[in-house]
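Okay, structure first, notes after.
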Amino acid sequence: MKVYIRSSACISAQNTFGNQGFLTDVVEYEGTRLRAIEPDYKKFIDPKQIRRMSHVIKMGVSAAKECLINGNVEMPGAIITGTAFGCMEDTVTFLTRIIEQEEELLPPTAFIQSTHNTVAAQIALMLQCHAYNNTFVHKGMSFESALLDATMLLIEQEADNILVGGTEEMVDTSFTVLTRLGLYKREPVTNLSLYDHNTKGTIGGEGAGFFLLTDKASADNQAELLGHTFFYKPTDVEKRITAFLYEHSLTAADIDLVITGKNGDTRNDAVYTQVCDSLFKNTTLAAYKHLCGEYTVASTFALWLAANIVKKGVVPKAVLQTPEFTATSKKILLYNHYQNKYHSLMLVSAI
């Protein structure tokens, strides 16, 4: 059975939301943290509800609703999300109040909205959707797990028009902690020159990406999702990729474009370099984390990028890593890993 991406929506540090062009107006930042460009939430959420919602909930709900609008679907057959840290802003607020108020007379709102499944629940409540609703909290493969669940639902004919996405927010507290753990660079850099700095660490990011999956063929669909997989701490990535392509009757030579999760961290990018130099030395290469930053569900940005490339027939110059590139990008391989532990592959094709 074939799986199609009917529509998609993405909120990120770039102008990716709504009809603002396809990465034609790239935003440059200086520092070690990229903040999402927030849309006008009043178009998607009642103003009275907005002030009670945290940053990640507003991003997730708006991206989900935009995805449904783009797919001309009012009610999804299921809602599945992935997130590693959940609603960090509400979590930090609740924990701070515990200390400040000495565990007495705590307002419940921040606690109620701090759970990881809050975004999926809010989407369902606003749509009055009583269908299957699930959230995966699997660290660096949270979105990939949600995508697998959605695909299985389609294969088993349990639902159609499945809304699947990933959300993550960056707050001052989590940024500070992750910087101390060595995930982010210690000196400010410009995001557009991220790959020129041969140092440890990357730049932080946040965002929300949603996709509407269906098994119904249509000329309006964005792309076909040929397959996807993920694995933990692999010993031989090249063999994994070769085997994954073989499962879909393909070889490395059949891939028109490879989009890697390079993030400017010398410790992580070595894996991408090795794979591209061996398997894809004659293939057009692209990267995206200099545009959106590094976060646990950054692969949602990559999938949004790939789906739009095959639909529009254009590869944005801002993501190209090789001077020679194939004019047609009908088969795209996405290879991403988070901290060199959680690796994932997604194969996207033109319809």
So [Y] and [X], do their side chains get closer than 4.5 Å, heavy atoms only?
X	Y	result
Ile50	Lys48	no
Leu147	Leu213	yes
Asn117	Thr81	no
Ile259	Ile332	yes
Asn134	Asp149	yes
Ile123	Asn133	no
Leu333	Leu257	no

Please report the interatomic distance [atom1]([X]) to [atom2]([Y]), rounded to the nearest 0.5 Å.
X	Y	atom1	atom2	answer
Thr214	Ile5	OG1	CD1	11.5 Å
Phe210	Ile79	CZ	CD1	8.5 Å
Leu291	Thr16	CG	OG1	10.0 Å
Leu334	Leu305	CG	CG	8.0 Å
Ile37	Met59	CD1	CE	12.0 Å
Asp254	Thr251	CG	OG1	3.5 Å

If only atom types and distance count, is the side chain of [X] paired as donor or acceptor with the main-chain N or O of [Y] below 3.5 Å?
X	Y	value
Thr32	Pro188	no
Thr83	Thr167	yes
Thr24	Gly21	no
Lys331	Ile255	no
Thr202	Asn263	yes
Asn221	Ala223	no
Glu206	Met170	yes
Ser193	Thr190	yes
Asp236	Lys239	yes
Asn340	Asn268	no

Minimum heavy-atom distance [X]-[Y], with the two atoms named:
X	Y	value
Asn308	Ser8	ND2-OG, 3.9 Å
Pro316	Ile309	CD-CG1, 4.0 Å
Arg240	Pro234	NE-CB, 4.2 Å
Cys67	Ser7	O-OG, 2.7 Å
Thr118	Cys87	CB-SG, 3.8 Å
Ser299	Glu144	OG-OE2, 2.8 Å

For Thr91, what residues pass the side chain to side chain donor-acceptor pair (under 3.5 Å) criterion, not counting sequence neighbours?
->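 Scan of Thr91 (side chain to side chain donor-acceptor pair (under 3.5 Å), adjacent residues dropped) gives none.
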What about [X] and [Y], are their ring centers closer than 6.0 Å?
X	Y	value
Tyr232	Tyr342	yes
Phe231	Phe244	no
His290	Tyr195	yes

Scan Leu285, Val258, Asn282 and name whichever one has a side-chain contact (heavy atoms from CB on, under 4.5 Å) with Thr322.
->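 With Thr322 as partner, side-chain contact (heavy atoms from CB on, under 4.5 Å) holds for just one option, Leu285.
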Quickly, which of Leu250, Leu225, Thr229 forms a side-chain contact (heavy atoms from CB on, under 4.5 Å) with Leu347? Name it, please.
->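 Exactly one pass, corresponding to Leu250.
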I need the full list of salt bridge (charged side-chain N to carboxylate O under 4.0 Å, His left out) pairs touching [range], with sequence neighbours left out, sorted by first then second residue.
range	value
residues 153-167	Asp160-Lys216
residues 168-184	Arg33-Asp172
residues 274-289	Lys289-Glu294
residues 218-235	none

When you check the side-chain N and O atoms of [X] and [Y], is any donor under 3.5 Å from an acceptor?
X	Y	value
Thr176	Thr173	no
Gln49	Gln122	no
Glu187	His197	no
Lys139	Gln339	no
Tyr184	Asp265	no
Ser349	Lys330	no
Asn336	Tyr338	no
Asp90	Thr93	no

Indicate the ring-plane relationship of Tyr335 and His337, choosing parallel, tilted or perpendicular according to the 30° and 60° boundaries.
->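 If you compare the ring of Tyr335 with that of His337, the planes turn out tilted.
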Which pairs with one or both residues in residues 21-54 pass ring pair (Phe, Tyr, Trp, His ring centres under 6.0 Å), sequence neighbours excluded?
->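 Every pair satisfying ring pair (Phe, Tyr, Trp, His ring centres under 6.0 Å) with a residue in residues 21-54: Phe17-Phe44, Phe22-Trp304.
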Given Phe143 and Phe211, is the ring-ring contact (aromatic ring centres under 6.0 Å, His included) satisfied, shown in steps?
-> CA-CA 11 Å; Phe143 170 67; Phe211 307 87; 5.8 Å; yes
Is it the case that more than 12 heavy atoms not belonging to Glu103 sit under 6.0 Å from its CD atom?
->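 At most 12 heavy atoms, drawn from other residues, nucleotides or ligands, come within 6.0 Å of this atom.
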